[in-house]
Each structure stands twice: as C-alpha cells, then as structure tokens.
Amino acid sequence: MNQEEARQRIAALSDELEQHNYNYYILARPTISDYEFDMKLEELARLEKAFPEFLLPTSPTQRVGGGVTKEFKTVKHRYPMLSLANSYSKADIEDFITRIKKTIDDEVEFCCELKFDGLSISLQYEDGVLVRAVTRGDGTQGDDVTLNVKTIHTVPLKPHGDYPPFFEMRGEIVMPWKSFDKLNEECIRNGKSTFANPRNSAAGTLKLQKSSEVAKRHLENYDYYMMMDDLESRYSTHYESLMAAKRWGFNISEHIRICKTVDEIFDFINYWDVERHNLPFATDGIVLKVNSFAQQEALGFTAKSPKWAIAYKFKAEAVETELQSVDFQVGRHGTITPVANLSPVALAGTIVKRATLHNADFIKELDLHDGDMVYVEKGGEIIPKITSVNFDKRKEGSQPVAFTKVCPECGTTLVKNEAEAAWYCPNSMECPAQVKGRIEHFASRKAMDIESIGEGKIEMLYDNGLIKNIADLYNLKFNDLCGLAKELPVLDENGEPTEKTRIVRIQEKGARNILDALEKSKSVPFERVLFALGIRNVGEVVAKTIVEHYPNIDAIINASVEELSEIDTVGLVIAESVKTFFDEPHNMEIVNRLREVGLQFEQTKKEASDKEQVLEGLSFVVSGKFSIERDVLKKMIEDYGGKNVSSISSKTNYVVAGDNMGPEKKKKAESLGVPIIDEATFMEMIHQSQPEIAAAEQNRSTASETQLSLFE
Ligand code: IVH
C-alpha cells in the first residue's frame with residue numbers, strides 16, 4: 001500500500017467506523033456485526049501504526065483509548081459554566097413562574113428535561129471536530145479531559161450536518177447503573193473500597209490517567225445545552241437547538257416535553273419521579289428551561305445561574321434511623337470496610353439493618369457520631385446508604401465514630417498508603433479473614449467454580465485446621481471431610497444473619513461432591529486460574545489480557561514490571577502487584593503445589609479465540625483483493641478455527657478469491673477440483689454459527705434508509 005492509498009483508506013475507515021458507532025450507540029440500530037466492526041477497527045489501528053502521519057484526531061481508534069494524561073491541564077471556559085437554582089416543591093415552581101411572568105408578558109413555554117446525575121462537561125468543536133472536552137471545575141476554568149472523553153461512544157468526535165465553525169455542547173457524563181454495579185463488584189472482588197454513587201465514580205473515571213481504563217468503564221454522555229455566538233439567529237428556541245444537535249449526532253434524551261402550565265409540568269415531574277427508577281442511569285430531578293431564546297435573553301442571569309431555568313430535585317426515598325454500632329470488615333487483601341449497624345427500618349420494600357460506610361474519609365465527611373440519628377436512602381444501588389446525619393437529634397457528649405486502629409480479626413495494627421482512602425491489615429499471611437477471603441475467592445464461580453465448598457464450609461475447614469491456603473484444598477481427603485459440622489446463623493431475606501442458627505454437616509454425599517468439584521477444577525483454563533490466585537488488582541479482565549500475552553505461568557513470573565506494564569490495560573500499578581505477588585516465596589510455594597496437583601498454568605489453543613470453531617479442520621488459500629484487508633480475512637479464518645495455507649494443493653479445502661485473483665491460481669484450483677468461493681460466501685460460512693449477525697445484516701437495508709433521512 002502506498003502513502004496515498006494508506007491516507008485514503010485511513011480516512012474512509014475512520015468515517016465508516018464513526019458512522020457505525022453512531023448507528024450502534026445513538027440510534028441503537030447497528031448495521032454490521034460486532035466482529036466485522038472489530039476487524040475494521042483493527043485494520044485501522046494497524047494502518048495508523050504504519051502511517052502515523054495520517055492518524056486523524058477524530059479516529060474511532062481513540063475510543064478504545066491508549067493515550068495517557070499525566071497531568072490534566074487547566075483551561076479557561078469560553079462561556080462560564082453556570083449552575084442551576086434548586087427547587088423542591090410545587091410552591092417553589094409556582095414562585096419561579098411568577099418571577100418570570102413579572103418580566104415576560106407573553107405566554108411562556110417550558111422545556112422540561114431529566115436532570116442527569118453525573119458531572120457536567122463542555123464539548124468544544126472547531127470545524128466539525130471535537131477539539132476539547134473540559135470539566136466544569138469552578139465554573140470559569142476546568143480540567144482538559146479530552147483524551148478520556150473521546151473514549152465515550154456517545155460523544156461525537158466528528159458531528160455531521162450544518163454546524164457552525166465553532167460551537168460548544170454542554171452535557172452530562174454519567175456512569176450507567178450497570179457499569180457502576182460492575183465496577184463496585186470488581187472493587188469488592190479486588191479488595192478495594194467501593195464508590196458511593198455513580199456521580200463519584202464517573203468523576204473518578206474521568207480523572208484516570210489511562211484512557212484505555214476509562215474506555216472499559218463504559219461512561220455515557222447526554223447533552224442538554226448548545227452554545228455558540230449568534231445561537232438565537234439560527235434557532236428561536238432551546239428545543240429547536242437540541243433537535244439540531246440531535247441531527248448532528250449528539251445524544252439528546254428522548255424524554256423532553258414542552259409544557260405550558262404548572263399542572264403539565266407536574267404531570268411530567270410526577271411521572272419521572274416514579275419512572276426514573278427504570279432508567280439505566282441516575283437522575284436526581286427535572287430541569288425546567290424557558291424555551292424561547294428571546295425570553296431567555298429578557299430574563300438574563302444572576303451571578304451564579306440563569307433566571308430562565310431551575311432544577312426541581314426529587315426527594316429520594318429516605319428514612320431516619322439510629323446508628324447502633326460500626327463493624328469493621330476485613331477483605332481478602334486486608335482492606336478494612338466500615339459497616340454501619342442500624343436500628344432495623346423499612347425502606348423501599350425491604351428492612352434495612354446495615355449500610356456501608358465505605359472508608360474513614362466517608363465517616364469524616366458525614367461527621368458521624370456514635371448513636372447518631374441518620375438518614376438512609378436507597379438510590380438505584382442495591383446497598384442502602386447513609387446520606388446525612390440529623391444533627392438536631394445528636395446526643396449530648398456523643399463521640400465521633402472512631403475508626404479502628406487494629407484489625408478486628410487478628411489484632412494487627414492497621415496501615416494506610418498515602419494515596420489511598422482505605423486502611424488495611426498488613427498481616428496477610430496469618431489474618432484469618434484474609435486467609436478465608438482468599439480461599440473463598442479462589443473457589444468462587446468466576447474463578448475455580450468449586451461450588452460445593454461455599455456456604456460456610458470454607459470456615460468449617462479452616463476452623464478445623466484442614467486448610468490454611470488454597471493449595472491445601474487439594475490435599476483434602478474423604479475422611480477429613482465426612483462428618484464435619486458447624487453451627488451457622490440462619491439468614492434473612494436480605495442475606496443478613498438472624499439470631500436463629502442451624503447445623504451444617506458434611507455427609508458422605510457432600511464430601512464426594514467437594515472432592516469431585518476439586519477434581520473438575522483442574523481443567524479450569526489458565527486465565528481463570530490466574531484470576532483465582534487473588535493477585536491484588538488482577539481482576540477477571542486483566543487476568544485474561546495477561547494470559548493472551550504470555551503462554552504460561554513461568555513467562556509471567558519472569559516478566560519484568562516494564563514488560564508487563566506495556567500491555568494495554570495493565571499499567572504500572574497492576575504490573576507491580578503481579579511482581580510483588582510472585583516475589584513472595586510463600587506465594588511461589590503455593591503456585592508450585594497447585595502446579596503439581598495439575599491445575600492449568602498454560603494457555604490452551606482454544607483460549608486464543610472465543611469464536612465458534614466452524615472452520616475447524618478446513619484449509620484455505622486466500623488470493624486477490626477484498627473489501628477488507630487480506631490479513632484481516634486471514635485472521636478471521638484462524639479465529640474461526642481454520643488454517644491458512646500459501647499454495648493450492650489437493651488437500652486445500654477452499655480458495656477464497658477476491659478481485660484480480662491470479663489466473664495461474666485459478667487454473668490450478670480448477671484442475672485440482674478445489675472449490676473457489678468469493679468473499680460473501682466465505683462470510684456466510686462463518687456467520688451460519690452466529691444468528692445475530694444474520695439478523696443484523698437483514699436489518700441493514702431498513703437501517704440505512706433511516707440513516708439517510710437523518711443525515712439529510
Ligand atoms: S442545564 C446554564 N440541563 O445540573 C444551564 N443541566 O445543578 C446549564 N444537569 O451543572 C445547565 N441535567 O451539570 C442542564 N438537563 C439538564 C441537566 C443539567 C443535569 C446538571 C448540570 C448542571 C447541574 C446544575
């Protein structure tokens with residue numbers, strides 16, 4: 001490929017992939033399969049690497065991330081980022097309207113929108129290209145987080161339509177509940193403290209240095225405000241400007257309504273107060289904006305906010321209850337998580353008895369004292385949270401909640417890293433909570449999946465001195481297990497222990513099940529074994545990535561921190577965790593024992609591809625030019641289990657022929673009776689295994705018609 005061809009191909013692929021991104025994320029109507037998308041993206045990335053001079057700032061490869069921001073530059077906002085006045089009742093809204101009517105004689109229309117609970121962002125476009133994304137900061141200047149924002153699929157890198165040379169879109173970056181819950185589950189699994197709400201986690205994510213990490217957290221963006229010089233000469237209402245933004249490719253919520261009366265406004269508010277619980281992201285209210293730009297101008301601004309807009313805040317379902325005590329839980333990496341024990345109280349259909357307090361800073365921020373009356377809320381999260389203290393009811397002489405100085409499980413003095421919020425117990429080898437936590441993690445479903453030793457059995461085995469580490473599991477004998485018994489509390493409907501207890505006893509059948517499950521775990525693939533070892537910061541995804549780069553455990557053990565950290569998504573912190581883990585002789589001893597009992601410590605062929613091996617046993621010769629790069633096609637053959645061979649023989653199963661296939665090859669194939677198939681037939685062969693691709697392709701014609709009308 002010469003320079004000019006490369007430049008053209010890079011530009012064409014960038015445009016095409018951005019269009020697919022828009023179809024998928026904004027229209028929710030994909031027209032190609034994920035696999036084809038990934039292949040094209042891979043081709044683009046490869047070309048950009050070979051011809052970096054043609055890499056476009058709007059390239060869809062930026063969405064995968066890869067760039068690192070060492071320090072976020074502070075930049076001044078071209079237009080200040082104001083906030084909104086808040087309101088909490090019908091009377092507040094009536095006052096707001098009355099104030100407006102003092103200035104405006106005519107009828108006033110209100111544009112009613114959801115109030116997204118994330119963090120505001122200013123997206124700046126020059127000549128149709130996203131040039132800067134800046135956080136709100138103090139309203140006059142914020143942080144330049146462009147690299148990270150480019151990974152958010154709902155942020156257009158290159159809008160389409162009749163936009164002016166310079167404009168800004170204001171919107172909110174949110175972390176959907178699904179991503180938030182996943183992130184917190186991962187924090188728990190990795191022994192880290194959890195995020196209190198999606199707003200905090202979205203803010204934390206935007207400030208990550210590695211954009212590839214941001215990409216993995218799946219943030220989203222909704223836009224609600226357009227800014228440009230002479231906006232009013234283009235559009236006469238806010239709603240019109242939003243609809244223009246929608247045509248240009250911005251993610252504008254469908255849930256907008258124009259209302260004229262307080263009753264209409266309250267219909268909208270009351271509807272969303274209930275329905276918001278079914279939205280995939282957090283909202284904390286409704287925003288009302290005077291729709292007409294002429295009226296907005298007449299109303300003007302206060303120092304902090306526009307007089308033509310107001311936020312109505314939903315009342316979170318909250319109850320007041322008493323803090324009885326605080327427990328300190330010890331995670332498998334020794335992280336201490338404070339948990340509040342509350343006087344049981346009914347909230348959103350369940351009885352709440354406990355709430356996480358996250359870490360020492362959270363307790364300080366709440367200014368929580370022993371015996372305080374606290375407000376407990378349930379947002380979209382599963383775990384209820386304490387949002388504030390009722391200071392009026394504080395008991396005289398009560399003391400601030402003291403964070404424990406020693407490990408509640410083993411009495412070791414706790415330590416803290418400057419950079420982290422969490423305290424932890426350094427006695428990792430002996431602390432019973434950490435030892436049991438590591439074994440539980442090892443046996444868990446996503447790790448070794450040794451189901452039959454859940455439910456208190458690990459504790460039972462540990463208490464009886466039968467296991468002290470994960471390798472001991474494989475020494476267990478039938479006679480050790482049979483007859484073991486333990487008294488366990490009966491759990492309530494929320495999984496919380498009650499006063500009642502029951503005896504759990506391992507019978508003959510149970511013992512057999514445990515030994516069978518342990519035997520079965522010996523075929524669990526390497527990536528899950530690596531995850532199961534419980535290396536700090538090595539979650540499921542990271543373990544999988546590492547295994548993709550190293551063929552076996554020895555290669556990982558011998559890899560330097562530098563080598564490991566070069567793997568995309570690994571980075572220095574994780575690389576150091578891996579090194580620290582294997583530098584510890586005790587861990588090496590365990591790894592060696594597990595190796596001896598026959599656990600998988602090598603990558604198997606199957607892990608290289610997650611595709612159905614529909615081409616297994618078939619050999620292909622690829623010849624000619626295709627709509628995709630030839631190497632991409634060859635990779636598809638391998639991914640689906642086939643073999644690429646360079647010359648045609650009687651053993652060749654198929655020749656995949658593109659344009660300009662050499663006449664010699666054609667002759668040879670024909671003389672040997674090797675079937676010649678074209679690109680489309682080849683695609684059909686692999687797609688037979690994937691009904692969803694066939695469906696996506698069937699939709700292609702309808703979707704592209706819709707696309708056309710949207711881009712006019
Ligand atoms: S309009 C000048 N619309 O709420 C007015 N803001 O409390 C600009 N927010 O800083 C803001 N959803 O971060 C607007 N539909 C919406 C919004 C919204 C969420 C946030 C935004 C703002 C804060 C004010």
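Order of listing sets the numbers, starting from 1, for every ligand and every atom in it.
Rounding to the nearest 0.5 Å gives a distance of 4.5 Å between CG of N23 and OG1 of T31.
Using a 4.0 Å cut-off between charged side-chain N and carboxylate O, D117 and K313 make no salt bridge. Using a 4.0 Å cut-off between charged side-chain N and carboxylate O, E213 and K216 make a salt bridge. The pair K158-D15 meets the salt-bridge criterion, since a charged nitrogen lies less than 4.0 angstrom from a carboxylate oxygen. With respect to E168 and R170, a salt bridge is recorded, a charged nitrogen being found less than 4.0 Å from a carboxylate O.
Heavy-atom distances between T283 and ligand 1 stay at or above 4.0 Å for every pair. Within the structure, ligand 1 lacks R170 among the residues with a heavy atom less than 4.0 angstrom away.
Under a 4.0 Å criterion applied to the non-hydrogen atoms of P306, ligand 1 contributes the atoms 2 (C). Those atoms of ligand 1 that come under 4.0 Å of a heavy atom in E113, given as number and element, are 3 (N), 15 (N), 16 (C). Those atoms of ligand 1 with a heavy atom of V287 less than 4.0 angstrom away are 3 (N), 15 (N), 16 (C), 17 (C).
Closest to atom 23 (C) of ligand 1 among all protein heavy atoms lies K115 NZ, 4.0 Å. For atom 10 (O) of ligand 1, the nearest protein heavy atom (residue, atom name, distance) is S120 OG, 3.8 Å. From the protein, the heavy atom lying nearest to atom 8 (C) of ligand 1 is Y225 CD2, 4.1 Å. Taking atom 20 (C) of ligand 1 as the reference point, the nearest protein heavy-atom neighbour is E172 OE1, 3.5 Å. Protein heavy atom in closest approach to atom 5 (C) of ligand 1: L84 CD2, 3.7 Å.
In this structure, K90 forms a cation-pi arrangement with F266, its terminal cationic atom sitting closer than 6.0 Å to the ring centre and no more than 45° off the ring axis. With a 6.0 Å cutoff to the six-membered ring centre and a 45° limit on the axis angle, R78 counts as a cation-pi contact of F166.
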Kindly indicate, with the supporting measurements, whether the criterion side chain to side chain contact (heavy atoms under 4.5 Å, CB included) is fulfilled by F293 and T237.
CA-CA 5 Å; F293 283 144; T237 65; 5.6 Å; no
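An N or O contact shorter than 3.5 Å is missing between W308 and ligand 1 by distance. Considering both main-chain and side-chain atoms, K289 comes within under 3.5 Å of ligand 1 through a nitrogen or oxygen pair. Residue-to-ligand polar distances keep L119 apart from ligand 1: every N/O pair is separated by 3.5 Å or more. Residue R136 has no nitrogen or oxygen atom sitting less than 3.5 Å from a nitrogen or oxygen atom of ligand 1, judged on distance alone. Residue-to-ligand polar distances keep S83 apart from ligand 1: every N/O pair is separated by 3.5 Å or more.
The shortest non-hydrogen separation linking A133 to T146 is N-OG1, 3.1 Å.
By heavy-atom distance, the residue among Y222, F116, Y224 lying nearest atom 16 (C) of ligand 1 is Y224.
The side-chain heavy atoms of I386 and L357, taken from C-beta on, include a pair separated by under 4.5 Å.
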